[in-house]
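Everything below concerns the one structure shown next.
Residue numbers start from 1 in every chain, and the chains themselves are labelled A, B, ... in the order their sequence lines are given, proteins ahead of strands. What you see is a predicted model, and the numbers here were worked out from it, not measured in a lab. What's counted below: heavy atoms across the whole structure, side chains too, no hydrogens, waters or symmetry copies.
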There are 2 protein chains.
Amino acid sequence: MVLARLILGLLCLSPMTGYELKKHFDSSINHFWNADKAQIYRTLAQLVDKGYATVRTVPQSNYPDRQEHHITEAGREVLTLWLSDGPVESPERDPFMGQVFFAAELEREDIEKLLVKRREATQFILDDYLSQREGIDMRAAADRRSFLMAATLDNAIRQQAAQLEWLDAVLEYLP
Amino acid sequence: MVLARLILGLLCLSPMTGYELKKHFDSSINHFWNADKAQIYRTLAQLVDKGYATVRTVPQSNYPDRQEHHITEAGREVLTLWLSDGPVESPERDPFMGQVFFAAELEREDIEKLLVKRREATQFILDDYLSQREGIDMRAAADRRSFLMAATLDNAIRQQAAQLEWLDAVLEYLP
DNA sequence: CACAGTTAGTTGATTTTGCACCCACTTTTG
DNA sequence: CAAAAGTGGGTGCAAAATCAACTAACTGTG
């Protein structure tokens, strides 16, 4: 459901192949969603089925044909409807917090190990997001679309930063 | 997979029925996980199948029999193994950020509406978490188990607070 | 007294997701 | 020159998750 909307959103920016969509999920929007490529191709087929997108086969000289997917008017409507329908709630699912919640089953030093390793991973992700932000032309952020896109990355950065602070606090006060 | 571990974790705290597990998912650990009750009962059956839990039917006078699930030694091992195996990565999936990312399809005032409504929802969740924290005996947090459980709630509070700040910033600077 | 809510659990159908694998060709790199 | 990585598109299968209903008794409230 969400995946279908996100794909429509991306197709709204420009017509794309499933392959290119996968690249976007892995790079430009990896800070708020990820998707298996099998899932992308299947959802794409569904969208075409429902008339929310059309395919145009573009032959290439050296590479396989591009199955370029274009959003239709109906597709644009579905997307706008999703956005107008108010904010969706975010599922609040974090398996790592589950590990922390039950971490008392471990020895104190193993708990510390868990937290320290998580700290490293979080720092790594944060650094990735920060370098992604460097690649954004801040002058372009005057335009609303770019501003909103940059904003979601900013949110991800704040979330990771907050988690880092929290990890430090937990490591400091852990009894 | 994660659900099975979380259920083992809860059964580790005390033997429980599927019904009681559902209540925990809805109240005490709702800040980092939720689960459909059908899924809980099915996972419970799997755990018994694999020998990670056992059932004891406890008859009651006025209410239906309790199918009390107890964790076994094998179950405890699986749980500890999950915790020792290092931190799991958190999937980073937020459909609302998807809405923001593509919100430029809407008029400026509709974008604001989206953000304001989200602000309200976030505030509501934050207030819920804050009142949950009030219910926690802070003297008990000297014990490691209580400390870690309280810490996960603290993390959820920080995350929601960070999001509130972000929403305010976006609303202020939205072009 | 009717109605809503609580306790406890179950079933079926459907969707979503993840994992592994496959094709065929091209370009880059050690 | 061989191996790896990139381009582009799939299939099959199983596990996980969600939705919706259904059973069946009891308790509290207006």
Side-chain angles (χ1 to χ4, degrees), chain A residues 1-8 10-11 15-27 30 32-50 53 55-70 88-95 98, chain B residues 1-8 10-11 15-27 30 32-50 52-53 55-69 78 82 88-95 98:
Chain A
M1 254 281 280
V2 177
L3 184 61
R5 306 296 141 82
L6 296 180
I7 289 178
L8 283 177
L10 289 170
L11 293 183
M16 257 180 270
T17 65
Y19 188 78
E20 286 167 326
L21 282 166
K22 174 60 178 161
K23 293 201 132 187
H24 272 93
F25 277 97
D26 287 346
S27 56
N30 69 96
F32 69 82
W33 206 266
N34 60 54
D36 190 83
K37 82 187 185 127
Q39 192 64 15
I40 291 173
Y41 281 111
R42 276 166 194 150
T43 307
L44 221 30
Q46 280 175 32
L47 291 176
V48 174
D49 243 47
K50 288 180 191 160
V55 202
R56 202 200 317 170
T57 305
V58 181
Q60 294 183 115
S61 48
N62 290 335
Y63 285 112
D65 292 359
R66 292 166 52 76
Q67 302 281 316
E68 221 175 60
H69 288 74
H70 297 248
V88 293
E89 15 59 70
S90 309
E92 231 73 80
R93 259 154 174 243
D94 191 339
Chain B
M1 257 283 281
V2 176
L3 183 62
R5 305 297 142 84
L6 296 180
I7 289 178
L8 283 177
L10 289 170
L11 293 184
M16 258 180 268
T17 66
Y19 188 77
E20 286 167 327
L21 281 166
K22 174 60 178 160
K23 294 202 133 186
H24 271 93
F25 278 96
D26 287 346
S27 56
N30 68 97
F32 69 82
W33 207 268
N34 60 56
D36 190 84
K37 77 188 184 128
Q39 191 62 16
I40 291 172
Y41 281 109
R42 276 168 190 151
T43 306
L44 222 29
Q46 280 174 36
L47 290 176
V48 174
D49 244 46
K50 289 180 190 160
Y52 300 155
V55 203
R56 201 194 321 168
T57 306
V58 181
Q60 294 183 113
S61 49
N62 291 336
Y63 284 111
D65 292 358
R66 293 165 51 75
Q67 301 282 315
E68 221 175 61
H69 289 74
V78 169
W82 181 55
V88 294
E89 14 60 68
S90 310
E92 231 76 80
R93 256 152 175 242
D94 191 337

Using whole Å, report how far [atom1] of [X] lies from [atom2] of [N].
X	N	atom1	atom2	value
R93(A)	dT17(C)	CZ	P	11 Å
Q39(B)	dG9(C)	CD	P	17 Å
R66(B)	dT6(C)	CZ	P	18 Å
I40(B)	dA8(C)	CD1	C1'	13 Å
Y41(B)	dA8(C)	OH	C1'	5 Å
D36(B)	dT11(C)	CG	C1'	13 Å

Categorize [X] for me: base, sugar-phosphate, or nothing, with a 4.0 angstrom heavy-atom threshold over every strand shown.
X	result
A35(A)	nothing
K22(A)	nothing
E20(A)	nothing
N62(A)	sugar-phosphate

Between D94(B) and S90(A), a side-chain donor and acceptor under 3.5 Å = yes
Respond yes when some side-chain nitrogen or oxygen of T43(A) is under 4.0 Å from OP1 or OP2 of dT16(C), and no when none is.
-> no
Quick one: on DNA chain C, does P64(A) or V2(A) contact a more 5' nucleotide (nearest heavy atom)?
-> V2(A)
Which nucleotide of DNA chain D is the first, and which the last, in the 5' to 3' direction, to come under 4.0 Å of a heavy atom belonging to chain A?
-> dG6(D) to dT18(D)
So which pairs with a foot in residues 15-27 of chain A pass salt bridge (charged side-chain N to carboxylate O under 4.0 Å, His left out), sequence neighbours left out?
-> E20(A)-R66(A), K22(A)-D26(A)
For the base of dG18(C), is there a side-chain donor-acceptor partner from R42(A) under 3.5 Å away?
-> yes
